Amino acid sequence: MTEPRTTRTAPLAGRVFVLGHLVRLTWRTDRTMTLLLTALMLSQTVAVALTGLSQRWLVDSVGLDTLSGLVGAVAAGAVGYALTAACGRVQANILVDLSDRVDVKISEEVLTSVATIPSLDHLETPGLLNRLSVLRRGTPALSASAWRLADAAATVTSVVISVWLLMDVSVLMGLLALLTLPPLWTGHRAQAVLRAARDAGAEHQRLERGLHHLCVDSATSQEARITGAGAVLDEEADRAWTASVRTLYRADLVASCWRLAGWACFTVSYLGALALVLHLALQGSATLGDLMLALTLGSRLRSQVRITVDSLGKVSEACQALSHYLWLRAYAREARRSGASAPRTLTGGIRLDAVSFTYPGAATPALTGIDLDLRPGTTVALVGDNGAGKSTLVNLLIGMHEPTGGTMTVDGVPVTAIAPESWRDRCTGAFQDFVAFELTARESVAVGAPGDTCAPPEAVDDALRRAGADRFVAALPDAGDTQLGRVHGGVELSRGQWQRVALARAFVRRDAALMVLDEPTAALDPQAEHDLYERFTQETGGRESGVTVLVTHRFSTVYMADHIVVLEKGRVSEQGTHDALMDRRGRYWKLFTTQARGYTLPEADRKEEP
Ligand SMILES: Nc1ncnc2c1ncn2[C@@H]1O[C@H](COP(=O)(O)OP(=O)(O)OP(=O)(O)O)[C@@H](O)[C@H]1O
């Protein structure tokens, strides 16, 4: 799939839309806290205005020599200060709490967007994964972005008030407003540099996390340690980390130079402005009060500009996450497609005409010119060497990838005209890389039902029996209600037992239009696999209108299939029944006899057998 139009910089309308969405999300998360936070922010702005006005009032009162004016000015200043001090802390705490809760909701939305993209291609596209990585780290900034923007607006208001007060001293002092421009502009440049570095370093950070995960994950660390690969992986991860840190460090350096330049301009100009007021005071055109006001407001202007630059920096960080968020939403929207419902029962079967498939970014196709006719009620075995394209074909059949050429039809309807989730609901499967769902034994099977339903108890019992898992599950401390897996303090199963549970999960849907079994018995011994498939082919009840596609390297199982498809280098080289292919004496015959010879003892050894 090509990239959607929404790219690095999100259009203004899109930003406004997402900001609106974030405000609604915040409102739905906690109305009381949202109202309270808004009130606190408004009171902060009032406090800033009050403090500024009190200073002006104070200076005026000194000039007029009125006690009531002085008292009023001090009181207004005190209220402003108290408001700032009291509200500031409470506001910061509520902001953190509310943002955390909104962050959880945004993370859920991001994961849902990714999960609803129908094919798996996006999970193998580095560009998308990099964006996702930056986005997932940026969701905290995103969740607070609306507030940060309000914060920045409040600070800008306070800058405007300060400048207005300074202009009262002298119109020339109003030029101090211009002082704010260099730090603001250079702060913006610095953020642009940091944003680019975060994007550029995402690939290295993802690599570092992936490699370190291999070293610490329980499923992979054993092999990493025993083969000694752990040290090499660790070194590679460190290299990736250093590269990403170097990128960020360099960006930090450049960003600091930009900021320094901005503040240098500010300081020089500020000193110039003070010299000007001093000059005016010496000439008698400005009072001592004016000089004091210029001094205090000038230094406050500095801290206000610093806060504004910080707030805008945070907004900029949020904008980066925002543009990736908008991009992801657009990508998911473009990738999702509606369509017809998949047929409940297959009548014509699944047809592939000249189907080809190339992985994103791959130079050569993994599948080319595949013509297949998978009839309802049959079991079709896919065989071939490693890398021949069996798993790729399985993934195309279940809609995890879409053909890049040719057509696949289900009962005559192109699969592209069927809603992906509807077709997926009609498919089931078990795989070599199965998932060990750490639930109770029965739940672990029941979740195999379509959509968000759970299979009824009788279907679970039947599936456990057909997968040969019923006896060991019955022997567990609480039988089917036993919690599985060490992570939750449950009973740990052997790999073969876990695989049987995964198989039962696939078998729980007897009426699936397509059942794919991609080396789902690799952890079972050959006899257990043979017995399982024998039982499977004898008990076809409920599978008369469904296709079963089986991938296995064991020919003692393959010969039981109704139809066998031999794949070589992404093409179908032969297909037919076991007998027909044996008569042909082609690739299948060679593979079958080679494996059969491996199980037959040489003549001399056989004589020595008792
Ligand atoms: N995610 C991927 N991205 C790019 N190329 C891939 C990907 N997965 C597989 N391939 C390539 O596609 C071809 C077919 O791989 P596939 O996994 O379908 O083979 P297979 O027949 O299932 O192999 P095996 O018997 O080893 O499981 C191989 O050349 C492989 O390198």
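We count residues from 1, following the sequence as given. In each ligand, atom 1 is the first atom listed, and ligand 1 is the first ligand listed. None of the values given here were measured: they were computed from a predicted structure.
Annotation: side chain of V551 is not in contact with side chain of L393 (no heavy-atom distance under 4.5 Å). A heavy-atom distance below 4.5 Å is not found between the side chains of K390 and D518. Within the 4.5 Å cutoff, side-chain heavy atoms of L248 are placed close to those of R198. Using a 4.5 Å heavy-atom cutoff, the side chains of D353 and I370 are not in contact. In this structure, T557 and L550 have side chains that are in contact, with non-hydrogen atoms separated by less than 4.5 Å.
Protein heavy atom closest to atom 26 (O) of ligand 1, with residue, atom name and distance, is N386 ND2, 2.9 Å. At the top of the distance list for atom 13 (C) of ligand 1, counting protein heavy atoms only, stands G387 O, 3.8 Å. Of all protein heavy atoms, the one closest to atom 11 (C) of ligand 1 is Y359 CE1, 3.9 Å. What sits closest to atom 25 (O) of ligand 1 on the protein, heavy atoms only, is K390 NZ, 2.8 Å. Looking from atom 1 (N) of ligand 1 to the surrounding protein, the closest heavy atom is E124 OE2, 3.0 Å. Looking only at heavy atoms of the protein, atom 27 (O) of ligand 1 is closest to E519 OE2, 3.8 Å. Taking atom 15 (O) of ligand 1 as the reference point, the nearest protein heavy-atom neighbour is T392 OG1, 3.7 Å. Distance from atom 17 (O) of ligand 1 to its nearest protein heavy atom, with residue and atom name: S391 CB, 3.9 Å.
At a heavy-atom cutoff of 4.0 Å, ligand 1 is contacted by no atom of L393, backbone or side chain.
Side-chain contact check for D373 and H563: no donor-acceptor pair (N or O, by modelled atom type) lies under 3.5 Å. Residues R505 and T428 bring no donor and acceptor atom of their side chains to less than 3.5 Å of each other.
Distances shorter than 4.0 angstrom do not occur between any heavy atom of Q432 and any atom of ligand 1. Residue contact check for ligand 1: A362 places no non-hydrogen atom closer than 4.0 Å to it. The closest approach between a heavy atom of D385 and any atom of ligand 1 is below 4.0 Å.
The shortest N/O to N/O separation between A366 and ligand 1 does not fall below 3.5 Å. The shortest N or O to N or O distance between A388 and ligand 1 is under 3.5 Å.
The presence of a protein heavy atom under 4.0 Å from atom 5 (N) of ligand 1 is confirmed. Atom 9 (C) of ligand 1 is flagged as protein-proximal [any protein heavy atom, distance under 4.0 Å].
A salt bridge is defined here as a Lys NZ or Arg NE, NH1 or NH2 lying under 4.0 Å from an Asp or Glu carboxylate O, and D385 with R587 meets this definition.
With W327 as the aromatic partner, R131 meets the cation-pi criteria of under 6.0 angstrom to the ring centre and within 45 degrees of the ring axis.
Interatomic distance, CD of Q497 versus CG of L484, reported as 9.5 Å (0.5 Å rounding).
Annotation for ligand 1: atoms under 4.0 Å from non-hydrogen atoms of H553 are 25 (O).
Taking the ring centroids of H401 and Y359, they lie under the 6.0 Å cut-off.
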